[in-house]
Amino acid sequence: MANELKFAQQLIDFVYDSPTAFHAVSTVKNILNNCGFKEVKEEEKWNLEKGGKYFVTKNDSAIAAFVVGKGNVEESGFKIIGSHTDSPTFRIKPAPEMISEGSYVKLNTEVYGGPILNTWLDRPLSVAGRVTLKSHSVLHPETRLVNINRPILIIPNLAIHMNKNVNQGIELNKQKDTLPLMAHVNETFESGNYLLNAIAEELKVEVSQIIDFDLFLYEYEKGSIIGLNNEFISCGRLDDLSMVHASLEALTRVEAVEGTNVMVAFDNEEVGSSTKQGGDSQFLSNLLERIMISQGKSREDFFRALARSFMISADLAHAVHPNSGEKHDPIIRPLINKGPVIKISASQSYTTDSNSDAVYEEICKMAGVPVQKFVNRSDERGGSTIGPISSTHLDIRSVDMGSPILAMHSIRELAGVLDHTYVTKSFEEFYKL
Ligand SMILES: [Zn+2]
């Protein structure tokens with residue numbers, strides 16, 4: 001268990017360093033740089049070498065890293081693991097400050113994705129994201145990441161005395177009930193610039209240099225290992241940073257093989273994926289084609305390579321809930337710490353079919369890792385992943401899988417310490433093929 005615990009702690013550190021999709025990409029870049037990967041830019045000419053290790057980013061919020069295979073790609077194909085960098089949260093609106101009672105300063109926010117709203121109440125929150133600054137070129141403003149990294153916000157609950165039905169369940173209004181409180185009105189600050197002043201101070205720039213921002217809220221408190229025997233990981237954004245972490249770790253551990261190994265982490269999965277940096281874009285498809293082009297391959301070779309490729313769409317799965325077991329399928333009941341979960345759906349909201357299921361099951365067997373399955377209760381709709389969306393751009397075989405967790409989209413999700421090691425081992429085995 002000691003190694004598994006250490007690795008779970010690494011995941012918690014990774015998530016802590018990655019409060020937004022932008023920071024997740026930056027954290028991944030740092031790790032790749034330390035492991036000898038070279039950055040290639042979309043706008044430059046690529047001269048890739050066999051056995052070379054590279055990465056490319058999109059919009060500072062999506063990233064793909066790859067190890068060019070030693071063989072001919074059209075004969076050995078691509079082995080891809082896909083995940084996503086974003087998580088449900090709140091996005092800060094432009095000119096966000098609102099004064100209440102002539103005294104409180106709160107922030108105007110918009111919900112991003114599908115968080116369990118009530119889990120965000122009464123928790124110390126902070127702000128992080130990307131800030132865009134004036135530069136010498138109008139077309140290419142400067143971008144900087146910012147993380148306030150202090151608990152500057154909170155969304156206070158309404159007292160039960162004024163909210164008698166709160167324990168029967170009440171609806172939270174997204175424009176009224178979830179706005180975070182930031183400060184008391186303070187005469188020393190120019191009105192309307194409380195947040196911008198804090199950001200400018202953090203970045204050591206003038207407020208007038210800031211043109212716009214992509215800022216989000218996050219839970220200030222770090223994740224932790226919990227349980228009587230240290231069996232659980234309680235942490236925000238495990239969906240889907242745990243799969244980003246696992247695929248990154250596996251990619252960096254495995255030396256070049258015949259096939260070309262790729263890990264890709266898209267942004268915007270939680271809001272439908274249809275952005276240039278999302279799964280519903282040409283980002284991955286163009287990347288694979290460019291890997292071929294840089295090796296002097298033809299378009300026919302590209303299609304031959306795709307036909308020999310395989311993708312693991314890695315996103316989390318629902319473990320059976322200890323208090324609500326009836327919400328799950330009566331027979332297929334995945335549990336935490338019992339191994340990665342293959343996700344199957346008749347509606348094809350997951351890409352798994354018997355062929356891709358068989359491939360991943362065998363990989364788990366070779367890795368010495370237990371494997372489980374998930375299906376929705378037949379009268380529940382369930383979620384989807386980047387798998388089916390990516391398949392509409394890249395017609396390659398694909399399996400949907402993920403670690404089993406509880407409380408998906410809560411501000412703190414619950415995963416298993418053993419599962420994180422199991423999943424990573426299975427990814428390593430896949431990249432070794
Ligand atoms: Zn997800």
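Start at 1 and go down the list; that is how both ligands and their atoms are numbered. These numbers were taken from a predicted model, which means no experiment stands behind them. Note that these values count all heavy atoms, side chains included, but never hydrogens, waters or copies made by symmetry.
Protein N/O/S atoms nearer than 2.8 Å to the Zn ion (ligand 1) total 4.
For the ring pair (Phe, Tyr, Trp, His ring centres under 6.0 Å) with Phe90, the lone residue among Trp120, Tyr112, Tyr218, Phe216 that qualifies is Trp120.
The six-membered or imidazole ring of His245 lies near that of Phe7, with a centre-to-centre distance under 6.0 Å.
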Without placing hydrogens or testing angles, list every side-chain donor-acceptor pair under 3.5 Å for residues 55-69, not counting sequence neighbours.
residue, atom, partner, partner atom, Å
Lys58, NZ, Glu42, OE1, 3.2
Lys58, NZ, Glu42, OE2, 3.3
Asn59, OD1, Arg130, NH1, 3.2
Asn59, OD1, Arg130, NH2, 3.3
Asn59, ND2, Ser61, OG, 3.1
Asp60, OD2, Arg130, NH1, 3.0
Ser61, OG, Asp267, OD2, 2.8

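Considering only residues two or more places apart in sequence or on other chains, Glu74 meets the salt bridge (Lys or Arg N to Asp or Glu O under 4.0 Å) condition with Lys297. With sequence neighbours excluded, no residue satisfies side chain to side chain donor-acceptor pair (under 3.5 Å) with Ser378.
A salt bridge does not link Arg144 with Glu202: none of the charged nitrogens is closer than 4.0 Å to a carboxylate oxygen.
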